[in-house]
Amino acid sequence: LWQRLGDTTNTVKLAKEILSNSTNQAPGLALATHLLWQCGETNSAQDGFRQLRAISSRSSFESSATAS
């Protein structure tokens, strides 16, 4: 909602809160990363992407291990 209203300050604040509270939760990390990138906070977005990539690779590995 903050992003739609053009309130970058509150969007970034909320996205950073989501990023810090979404450890190992892909949907929250993806949302926060997207919002940060859209607001031009590329360094924070890259941190979020690193976290997301780390848990995604683990999740992919865990899915294949349970499928076998």
### Query
Rounded to the nearest 0.5 Å, how far does CH2 of Trp2 lie from NZ of Lys13?
9.0 Å
### Query
Taking atom CG of Asn21 and atom NZ of Lys16, what is their separation to the nearest 0.5 Å?
14.0 Å
### From OG (Ser44) to CG (Leu35), nearest 0.5 Å
12.0 Å
### Query
Where do Ile55 and Ala26 come nearest, in terms of heavy atoms and distance?
CD1-N, 3.5 Å
### Message
Tell me the closest heavy-atom pair linking Asn24 and Leu29, and the distance in Å.
### Response
N-CD1, 4.3 Å
### Message
I need the minimum non-hydrogen distance between Leu19 and Gly48, along with the two atoms involved.
### Response
CD1-CA, 3.5 Å
### Query
Which atoms form the tightest heavy-atom contact between Gln3 and Thr11, and what is the distance?
N-OG1, 3.1 Å
### Message
Between Ser20 (side chain only) and Glu17 (backbone N and O only), is there a donor and an acceptor less than 3.5 Å apart?
### Response
yes
#### Entry: For the student: nearest non-hydrogen atoms of Ser22 and Gly28, plus distance
OG-CA, 3.6 Å
### Query
When rounded to the nearest 0.5 angstrom, what distance separates CG in Leu36 from CG in Leu14?
9.5 Å
### Task
Considering non-hydrogen atoms only, spot the tightest contact between Thr33 and Phe49 and give its length.
OG1-N, 3.6 Å
### Query
Who passes side-chain contact (heavy atoms from CB on, under 4.5 Å) against Ala30, sequence neighbours left out?
Leu52
